[in-house]
Amino acid sequence: MLFPTTVFAVFFFLVYNLHWMLVGYPRVRKVVLLAASLFFYGFWSWRFALLLLASAILNHIAAVHLERLAVANRGERTRRRLVIFAVAANLALLGVFKYTGFFFGDFLFPLLRPICVAIGPNAVQWLVHAQETTYPLLARIVLPVGISFFTFQALSYVLDVYRRETPPARTWLDFANYLAFFPQLVAGPIVRASHLVPQMERMPSREMPIDVGRATFLILSGLFKKIVVANWLATHLADPVFSWPEIYSGPDILLAVYAYAVQIYCDFSAYSDIAIGTGLLMGFNFPLNFNAPYFASSLQDFWRRWHISLSTWLRDYLYIPLGGSRRGTKRTYVNLLVTFLLGGLWHGAAWTFVLWGAFHGAYLTVERIVRGWWGGGASSKSAPASPWRVWLGRIWIFHVVCFSWILFRGGNLDTVKAMLQGLWNWRSVVPTVAFWNAWPLAVVLVGFAMQFFDGDRLWRVWHRLAAWPSWALGATAAVVLTIILALGPEGVAPFIYFQF
Amino acid sequence: MEANKDKKQGVPLTHAWTALLVFYVVALALNAAALHRNNERLPYGPVRSFWVAVSAPISAVSQALHADRPRAVLEKTVGASLNKN
């Protein structure tokens, strides 16, 4: 079920009313919320809803056992084995559905080909047979939507309980609601158990104030970013150029890369905004996921502003356990590279994502070295940089990130190569194709400017909206929605991050 | 100023509920015709029949009240210009 659709509008209206009508019946309310989340997820495939349920059961059993062993103050080795089993089970789930095809098709078989050729005809025949039997099986594996997101949430829960940073949820129902809560189930934010499980346990009361000003603003700005900006940039600029870069001139390719940078920001942050907004209307609070990422003046700063819930997850559950920056300079660089390589692979099972992660890891390493040379090291508290240096840094980092989006969006190395080569062609082979005119520039700039809405920059607007009479707020929101729908193209494209 | 920022911005549930109800009613009135057009484009089957049966009377009321005009005008002017290939 997609957010900007009639089906979701009807679904949300029913769930919202049931959720608030059942305040006096907390258990029934929790069951209804879980049923609604499973229905939302099962709209793609009911089998995947069962998979989500199985994940909820397995992880909660593991967490409860970890806590029991900790309370009894015995069996540290058993606790360790149990957490390893739970982590392995979660990673196996992700591995089977997401990485099996990549492992066989892009790694193992290409690796075996030259070896089998060197061994002889029998080995080649065996490999051909292995490929013929494996590929049809691989084609049958369908990636469950949002599996990377809910698996990471489940992992954080089990690991936090193991580290005694959070207790297990009081009941399985509370944990299942945390894992499957429909607003953020499919594309984040990746919410920590310590943040959302307590909210699921106590459930919002009728006396709780609803942050309706912020919710309205986030939902409408999210819909605008997705329906008008992201969809337009995808269909008019990014998709045509990335699918056939050879026919476009350098300036057009450059504009398409800018367009993709704005498209992916508008697309992904739109989902987060709508998720946070719908969560607020239901009385739940989610953490911030984007904070004007293209205003970052260093790549480290970029990762503090882009997909914050993923970057903090990778920091807390991968980078720091690997040793972080505590084990010497060289080890820090290795840890950064490993973290971003795996972060790249989290986004998708393709070599381009691995390259994208490697690029970010390598650049962050270089950035750390250069910062060390300029004085003070990573934790430098030197005088603040001058404004022109900050702005130069912002422009440079925006272009570094844009370059990395070519790897991210390319899909295969041939497209990446064609895009990079095409950047140096001044003229297109088809003279009629030219993107540099008013509409493309306007939409790219408007999408870029949407970053001013991130974080709590417009908290005064939320305050004012909340102070409006309810009928005026509802009617105005409906008028704004109508304008958004009228400006957007027909049909609804899925969010980019659904595939991850 | 920071103190203002930290203040609770929430409103009572009834206020939020009324705003949501008004939003749904007005949004439905303004977009009913477009919604009905979309439903008619669904693949033939019970799902299409259901949604068309639901949206047809709402669309008729919306058209009788001319509530569909603002969206139609916007689509024909800015929307068409923006989305032409």
Side-chain angles (χ1 to χ4, degrees), chain A residues 5-7 9-10 12-13 16-17 20 23 204-216 219 228 231-232 235-236 280-281 283 439 442-443 456 459-460 462-492, chain B residues 1-39 41-42 47-48 50-52 54-55 58-59 62 67-85:
Chain A
T5 56
T6 317
V7 178
V10 174
F12 182 70
F13 189 74
Y16 177 85
N17 281 292
W20 287 113
V23 171
S205 68
R206 276 209 186 107
E207 287 71 39
M208 188 182 158
I210 304 296
D211 204 348
V212 73
R214 187 177 173 214
T216 308
I219 293 171
V228 181
N231 283 356
W232 194 93
T235 49
H236 289 82
L280 282 172
L281 285 178
W439 274 124
V443 180
D456 56 2
W459 62 272
R460 286 188 188 85
W462 308 340
H463 270 267
R464 280 181 201 149
L465 281 176
W468 282 16
S470 52
W471 63 267
L473 182 63
T476 309
V479 170
V480 174
L481 175 77
T482 306
I483 295 169
I484 291 169
L485 294 174
L487 295 184
E490 286 193 2
V492 186
Chain B
M1 198 168 285
E2 280 306 306
N4 277 339
K5 191 174 165 180
D6 293 336
K7 264 187 194 170
K8 281 276 178 197
Q9 302 152 40
V11 296
L13 178 62
T14 46
H15 182 103
W17 185 82
T18 315
L20 193 75
L21 190 69
V22 172
F23 167 79
Y24 268 86
V25 171
V26 177
L28 194 60
L30 293 173
N31 298 287
L35 188 68
H36 185 58
R37 274 202 310 274
N38 282 346
N39 289 340
R41 277 188 225 129
L42 288 172
V47 176
R48 179 188 180 277
F50 171 78
W51 285 111
V52 167
V54 170
S55 60
I58 305 170
S59 173
S62 167
D68 60 326
R69 297 306 302 149
R71 175 162 173 174
V73 171
L74 263 174
E75 271 178 348
K76 274 183 192 153
T77 53
V78 191
S81 164
L82 188 64
N83 293 307
K84 73 177 176 202
N85 288 318

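To find a chain, count down the sequence lines: A is the first, B the second, and so on, and within it residues start at 1.
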Segment of [X] engaging chain B (4.5 angstrom heavy-atom cut-off):
X: Trp471(A); answer: both
X: Val443(A); answer: side chain
X: Pro204(A); answer: neither
X: Ala442(A); answer: neither

Any side-chain heavy-atom pair of [X] and [Y] under 4.5 Å:
X: Asn38(B); Y: Thr6(A); result: no
X: Thr216(A); Y: Phe23(B); result: no
X: Val10(A); Y: Trp51(B); result: yes
X: Phe12(A); Y: Tyr24(B); result: yes

| said: Check this for me: Arg464(A), atom CZ, are more than 12 non-hydrogen atoms of other residues, nucleotides or ligands nearer than 6.0 Å? | reply: no
| query | side chain to side chain contact (heavy atoms under 4.5 Å, CB included) with Leu74(B): which of Ile483(A), Leu485(A), Ile484(A), Thr482(A)? | reply | Ile483(A)
| request: Specify the closest pair of heavy atoms between Ala466(A) and His15(B), including all atoms of both residues, with the distance to one decimal. | output: O-NE2, 3.8 Å
| task | Of all the heavy-atom pairs spanning Gly474(A) and Val22(B), show the shortest one and how long it is. | result | C-CG1, 4.0 Å
| remark: Ranking Ala467(A), Ser470(A), Ala478(A) by heavy-atom pairs under 4.5 Å to chain B gives rank one to Ser470(A)
| query | For the candidates Gly283(A), Ala472(A), Gly488(A), which exhibits the highest count of non-hydrogen atom pairs separated by less than 4.5 Å from chain B? | reply | Gly488(A)
| query | Atom OG1 of Thr14(B) and atom CH2 of Trp20(A): how far apart are they, to the nearest 0.5 Å? | reply | 11.5 Å
| Separation of Leu28(B) CG from Phe13(A) CZ (nearest 0.5 Å) | 10.0 Å
| query | Checking Trp17(B) against chain A: side chain, backbone, both or neither under 4.5 Å from a heavy atom? | reply | both
| field | Engaged part of Leu13(B) at the chain A interface, taking heavy atoms whose separation is under 4.5 Å | value | both
